[in-house]
2 protein chains.
Amino acid sequence: MDVPAKDNTSSDDGSPSSTSGGGDQHAQYMLGEQIGFYLRQANQRHVAIFASLISEKLTTTQWAALVKLKDLQPCSQGNLGRETAMDMATIKGVVDRLVKRGLVHTAPDPTDARRLVLTLTAEGEATVSRNLSIALQISQETLGTLSPAERMMLMELLRKIC
Amino acid sequence: MDVPAKDNTSSDDGSPSSTSGGGDQHAQYMLGEQIGFYLRQANQRHVAIFASLISEKLTTTQWAALVKLKDLQPCSQGNLGRETAMDMATIKGVVDRLVKRGLVHTAPDPTDARRLVLTLTAEGEATVSRNLSIALQISQETLGTLSPAERMMLMELLRKIC
DNA sequence: ACAATTATGTTTGTGTACAAACAAAACAGA
DNA sequence: TCTGTTTTGTTTGTACACAAACATAATTGT
C-alpha cells in the first residue's frame, strides 16, 4: 500500500518532528497548551450547547441582552452594551435584530436626544421567562462533570482574569 | 466616574421585577454569574491583549493556524482546521487571508484531488519565529495576577469542560 | 463494476466583535 | 455666550464562527 511518505494531510498524528532551523524556542510554545486556545474552545463549546438546548433561535448574546434589559429597563442602548460587555457597534446589531423580531422596543429619550431608550416588549418579557430554566440548565451542562468546588473555582479564576 | 451606577436613562428607577407570573425564578439567573458570560469576556480580554502586544497585524486564529501549520506541514486544509478547532468554512477564510499575505502556500494534493496541501512560506516561517516569544508573553499577560498554582488549575478546569 | 456513502472543499447567509470615521447632542470652562 | 470636549449613536470594513446547500473525489459494500 502506497501510503504517501508523510501525509499529515489526514488526521493521523505524526511524531513531533524537529523541523529545520532553530526550533528549541518553538518547543516551548505548544498551541494546545496556551490559555487563549483553551478560552476560545471553551467558549465555542458553550455556544454550541446553548444553541442545541435553546428552542427558539436565540444566540448567547441576544439572550444576554434580553436578560440584562429585563433588569435595567428602561435603559439606553450604550448602557446595555456596557452591562453585557459589548461595544457600541456590536450592541447596536444585537438590538436591531431583537427589535426586528419584536422582542425589544426603542424610543428616543425625551430628555437627551442622543439616547435610544430600550424596553422589552410583552413578547420579549415572555421570551425571557419562558427560557430562564433552560438557560440555567445550559450553564450546568457547560460546567459538565465539574464538581461544585471545581465550578466555584473555575468561575472565580475566570473572574480574576477579566 | 465609570459607569454611572444606573443609567436607567434619567430618572425614575422603579424597583423592577414582579411582572405578572413567576418572577422569582429570575432572581436565580444573574447574567453576571453565568459561566458563558465569563467565558465570553475572558476570551474577549485575551484577544484584546493579543492585538495590543502583537506587532504585525495578526489575529489569534491566524496565529494558531500558522503555529500549528509549522508543526504539521505539509497538511491539508481540513486537518489544519481540525487541529486548530475551526470548522471548514472558518479555516478556509483564515487560510485565504494568510495566502493573500504570502505566509502560506497551497497546492493540490497529487494523490487526492480533493485535498489542498498547505505549507508555510519562508515569510510564514519567519513570522512564526519572530513572534514566538511575544506569543508566550501574551499567554502570561492573559493569566494576569494568577499564581502558578492557579494558572495550572485554570488550564486544567478549562481542559475538563472542552 | 456499480451504487451508496463518506470525505473534502467551496459558497452563501446570518451573527458576533471591533476599529475607525463620522454626526449630532450635551456639557464644561473661559 | 462661545468654544472645545465628551457622550451617544450610526456606518463601513475586516475578521471569526457556523449552518446549510452544493460539488467533486475517494471509499465502501455488494
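A note on names: the letters A, B, ... follow the listed sequences, proteins ahead of strands, and every chain is numbered from 1. It should be emphasised that the depicted structure is a prediction, and the values quoted were computed from it without experimental measurement.
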Nearest heavy atom decides the nucleotide; on that basis, is B:Asp96 or A:Ala113 closer to the 5' end of DNA chain C?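 Here B:Asp96 is the residue nearer the 5' end.
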On DNA chain C, nearest-nucleotide positions of A:Arg114 versus B:Met88: which is more 5'?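 Here B:Met88 is the residue nearer the 5' end.
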Using whole Å, what does the distance between atom [atom2] of nucleotide [N] and atom [atom1] of [X] come to?
X	N	atom1	atom2	result
B:Leu116	C:dG9	CG	C1'	8 Å
B:Gln44	D:dC16	CD	P	16 Å
B:Arg101	D:dA15	CZ	C1'	12 Å
B:Leu80	C:dG9	CG	C1'	14 Å
B:Asp109	C:dA7	CG	C1'	13 Å
B:Asp112	D:dA25	CG	P	10 Å
A:Arg97	C:dG15	CZ	C1'	5 Å
A:Arg45	D:dA17	CZ	C1'	17 Å

Looking for any heavy atom pair under 4.0 Å, which part of the strands does B:Val94 touch: base, sugar-phosphate only, or nothing?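 Since only primed, P, OP1 and OP2 atoms lie under 4.0 Å of B:Val94, the category is sugar-phosphate.
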Checking all strands, does B:Gly78 fall into the base, sugar-phosphate, or nothing category for heavy-atom contacts under 4.0 angstrom?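 Answer is sugar-phosphate: B:Gly78 comes under 4.0 Å of backbone atoms only.
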In the structure I gave you, are the side-chain heavy atoms of B:Thr106 and B:Val117 within less than 4.5 Å of one another anywhere?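 Side chain of B:Thr106 against side chain of B:Val117, heavy atoms only: no contact under 4.5 Å found.
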Between the two ends of the helix from C:dA1-D:dT30 to C:dA30-D:dT1, what is the bend in degrees, rounded to 10 degrees, where each end axis spans five pairs?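 The helix from C:dA1-D:dT30 to C:dA30-D:dT1 shows an end-to-end axis angle of 20°.
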Just wondering, more than 12 heavy atoms not from B:Met153 lying within 6.0 Å of its CE?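 Count not over threshold, so no.
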With salt bridge (charged side-chain N to carboxylate O under 4.0 Å, His left out) as the test, would you mind laying out the steps for B:Glu123 and B:Arg101 before giving the verdict? CA-CA 9 Å; B:Glu123 179 54 22; B:Arg101 284 174 61 169; over 6 Å; no
Residue-phosphate contact under 4.0 Å: B:Thr59 side-chain N/O, D:dC16 OP1/OP2: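 B:Thr59 to D:dC16 OP1/OP2: side-chain N or O found under 4.0 Å.
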Do the rings of A:Trp63 and A:Phe50 sit parallel, tilted or perpendicular, given the 30° and 60° boundaries?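 Tilted: the ring planes of A:Trp63 and A:Phe50 meet at 30° to 60°.
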Name the closest nucleotide to the [X] side chain, picking from [options].
X	options	result
A:Thr90	C:dA17, D:dT8, D:dA17	C:dA17
B:Ala89	D:dA19, D:dG9, C:dG9	D:dA19
A:Lys92	D:dA15, D:dA17, D:dT10	D:dT10

Begin with the C-alpha distance, continue with both residues' side-chain angles, and end with the deciding distance and a verdict on salt bridge (charged side-chain N to carboxylate O under 4.0 Å, His left out) for B:Asp96 and B:Lys100. CA-CA 6 Å; B:Asp96 281 355; B:Lys100 191 191 287 186; over 6 Å; no
Decide yes or no on salt bridge (charged side-chain N to carboxylate O under 4.0 Å, His left out) for A:Arg130 and A:Glu125, but give the supporting numbers first. CA-CA 9 Å; A:Arg130 203 186 307 130; A:Glu125 300 258 9; over 6 Å; no
If a pair satisfies salt bridge (charged side-chain N to carboxylate O under 4.0 Å, His left out) and one of its residues is in residues 32-53 of chain A, list it, with sequence neighbours excluded.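 Non-adjacent pairs meeting salt bridge (charged side-chain N to carboxylate O under 4.0 Å, His left out): zero.
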